[in-house]
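Worksheet: the structure to be examined is printed underneath.
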Number of protein chains: 2
Amino acid sequence: MAETVRWLTPEEQRAWRGFVRLHERLGGRLGRLLQSESKVSPADFAVLVHLTDSPHGRQRYQDLARSLEWEKSRMSHHIARMAGRGMVVREECPDDGRGAFVVITDAGREAIEAAAPRHVEAVRDLFLDHVTPAELRVLTEISERVIRRMDEDPS
Amino acid sequence: MAETVRWLTPEEQRAWRGFVRLHERLGGRLGRLLQSESKVSPADFAVLVHLTDSPHGRQRYQDLARSLEWEKSRMSHHIARMAGRGMVVREECPDDGRGAFVVITDAGREAIEAAAPRHVEAVRDLFLDHVTPAELRVLTEISERVIRRMDEDPS
DNA sequence: TAGACACGGTTGATACATCACCCAATGGGA
DNA sequence: TCCCATTGGGTGATGTATCAACCGTGTCTA
């Protein structure tokens with residue numbers, strides 16, 4: 001079995017390593033920047049973005065988890081910590097006795113509004129400004145195609 | 001200041017989110033696969049790959065940290081855990097009283113040789129097989145260009 | 001040759017992710 | 001109507017990442 005492995009060609013190897021490293025570095029910098037300048041971690045940021053995108057700044061735990069592709073356990077722990085820092089609150093759901101909402105607070109809105117401009121600027125400085133529109137289209141297409149494949153085949 | 005932010009255009013937004021999500025999903029799957037089938041975490045895997053690439057399967061902590069872009073602290077903690085599991089050993093450095101080597105063990109070699117084929121196969125199945133050679137070249141170029149920029153400007 | 005400073009690595013505290021379970025509410029059949 | 005599988009969420013243990021502070025060793029220079 002091990003003898004039939006199709007190892008990566010040099011170009012494939014280079015592409016794959018480059019891709020992995022790109023994300024590592026980019027993610028690292030953006031994360032550090034967010035955290036150092038605004039007391040909002042990348043995870044916090046993602047949660048807050050989704051909440052501000054939702055009506056009344058509220059979402060069910062599960063829906064949030066699905067759109068962030070987090071496990072419910074992670075969501076639960078993380079929201080608890082964020083609630084502890086006053087950025088969100090947990091709210092019971094009257095319709096469904098089991099369910100719960102997570103709702104953004106004023107402090108949460110302030111936090112993300114403070115963090116967003118620097119974040120967007122950094123995404124530009126570090127990434128978008130160095131990619132041509134044509135390349136960007138290729139990247140978008142690759143990403144969406146591969147993600148679609150993974151959706152179809154939950155392995 | 002907040003008024004002068006160049007927010008992302010819809011295409012940029014789509015590209016950026018796609019890129020971020022692509023890595024999240026791909027990384028998640030590959031990591032889970034690695035861990036579930038071989039008792040080697042993605043971090044372990046990276047360390048072992050670098051060690052097998054080095055003469056005598058040994059490298060200085062710092063060198064390893066630099067090429068993986070880890071902090072020395074992370075390296076220290078992680079190697080300690082890997083040593084606990086018998087995949088590597090720590091070795092004093094005679095030339096430099098401060099320094100130390102990390103050396104792969106036979107068990108470490110077995111572990112990575114067991115894990116690599118499945119990993120490569122998954123990288124293909126999930127990613128490379130869905131990207132054309134031309135797209136792959138674009139991706140490589142983007143990655144290397146952006147990484148180069150970050151090297152030049154350590155912000 | 002004595003400081004002073006840089007380097008290589010370690011440690012402990014804290015935050016975070018994941019896993020394996022748990023629990024209660026729900027909703028569909030038999 | 002009862003039963004039971006499913007769903008929405010929570011919990012605690014464990015492994016991992018990050019930060020800051022630390023320590024001994026090496027190196028440079030006054």
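For the numbers below, each heavy atom of this structure counts, side chains included, while hydrogens, waters and symmetry mates do not. A note on names: the letters A, B, ... follow the listed sequences, proteins ahead of strands, and every chain is numbered from 1.
Taking atom CE on M87(A) and atom C1' on dA15(C), their separation rounds to 15 Å, with Å as the unit. If you measure from atom CD of Q35(A) to atom P of dT14(C), you get 16 Å, rounded to the nearest angstrom. The distance between atom NZ of K72(A) and atom P of dA20(C), rounded to the nearest whole Å, is 13 Å. The distance between atom CH2 of W70(A) and atom C1' of dA17(C), rounded to the nearest whole Å, is 10 Å. To the nearest angstrom, C1' of dT18(C) lies 16 Å from CG of L34(B). Between the CZ atom of F101(A) and the C1' atom of dG9(D) there is a distance of 14 Å, given to the nearest Å. One can place CD of Q59(B) at 15 Å from C1' of dG8(C), the figure rounded to the nearest angstrom. Distance K39(B) NZ to dT16(D) C1': 14 Å, rounded to the nearest Å.
Look at R90(B) and you won't find any side-chain N or O under 4.0 angstrom from OP1 or OP2 of dG9(C). Side-chain nitrogen and oxygen atoms of H78(B) include at least one within less than 4.0 Å of the OP1 or OP2 phosphate oxygen of dA17(D). For Q62(B), no side-chain nitrogen or oxygen approaches OP1 or OP2 of dC7(C) to under 4.0 Å. Between R98(A) and dG10(D) there is no side-chain polar atom (N or O) within less than 4.0 angstrom of OP1 or OP2. For the pair R74(A) and dA17(C), the criterion of a side-chain N or O lying under 4.0 Å from OP1 or OP2 is met.
Put simply, the side chain of S73(B) and the base of dT11(C) share a donor and an acceptor less than 3.5 Å apart. Counting distance only, with no hydrogens placed and no angle test, the side-chain atoms of H77(B) and the base atoms of dT10(C) include no donor-acceptor pair under 3.5 Å.
For the pair R124(A) and L8(B), the minimum side-chain heavy-atom distance is below 4.5 Å.
Ring centroids of F101(B) and Y61(B) are separated by 6.0 Å or more, keeping the two rings apart.
With hydrogens and angles ignored, the 3.5 Å screen pairs no side-chain donor or acceptor of S54(B) with any backbone N or O of G57(B).
A donor-acceptor contact under 3.5 angstrom links the side chains of H78(B) and D44(B), judged on distance only.
Summary of the strand contacts: M75(B) and A43(A) both lie near DNA chain C, and taking for each the nucleotide with the nearest heavy atom, the more 5' one is attributed to M75(B). When each of R85(B) and R32(A) is assigned the nucleotide of DNA chain D bearing its nearest heavy atom, the one mapping closer to the 5' terminus is R85(B). Across the interface with DNA chain C, nearest-nucleotide mapping of D96(A) and D44(A) shows D44(A) to be the residue nearer the 5′ end.
Of the candidates dG8(D), dC19(D), dG8(C), the closest approach to any side-chain atom of E71(B) belongs to dC19(D). Among the nucleotides dG9(C), dA17(D), dC16(C), the one closest to any side-chain atom of S41(A) is dC16(C). With dG9(D), dT11(C), dG8(C) as the choices, the nucleotide that has an atom nearest any side-chain atom of Y61(A) turns out to be dG9(D). Looking at the side chain of R81(B), the nearest of the listed nucleotides dT16(D), dT26(C), dT11(C) is dT16(D).
Salt bridge annotation for R118(A)-D125(A): absent, with no cationic side-chain nitrogen under 4.0 angstrom from a carboxylate oxygen.
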Derivation and outcome, salt bridge (Lys or Arg N to Asp or Glu O under 4.0 Å), residues R145(A) and E141(A): CA-CA 6 Å; R145(A) 186 189 315 144; E141(A) 222 189 299; 3.2 Å; yes
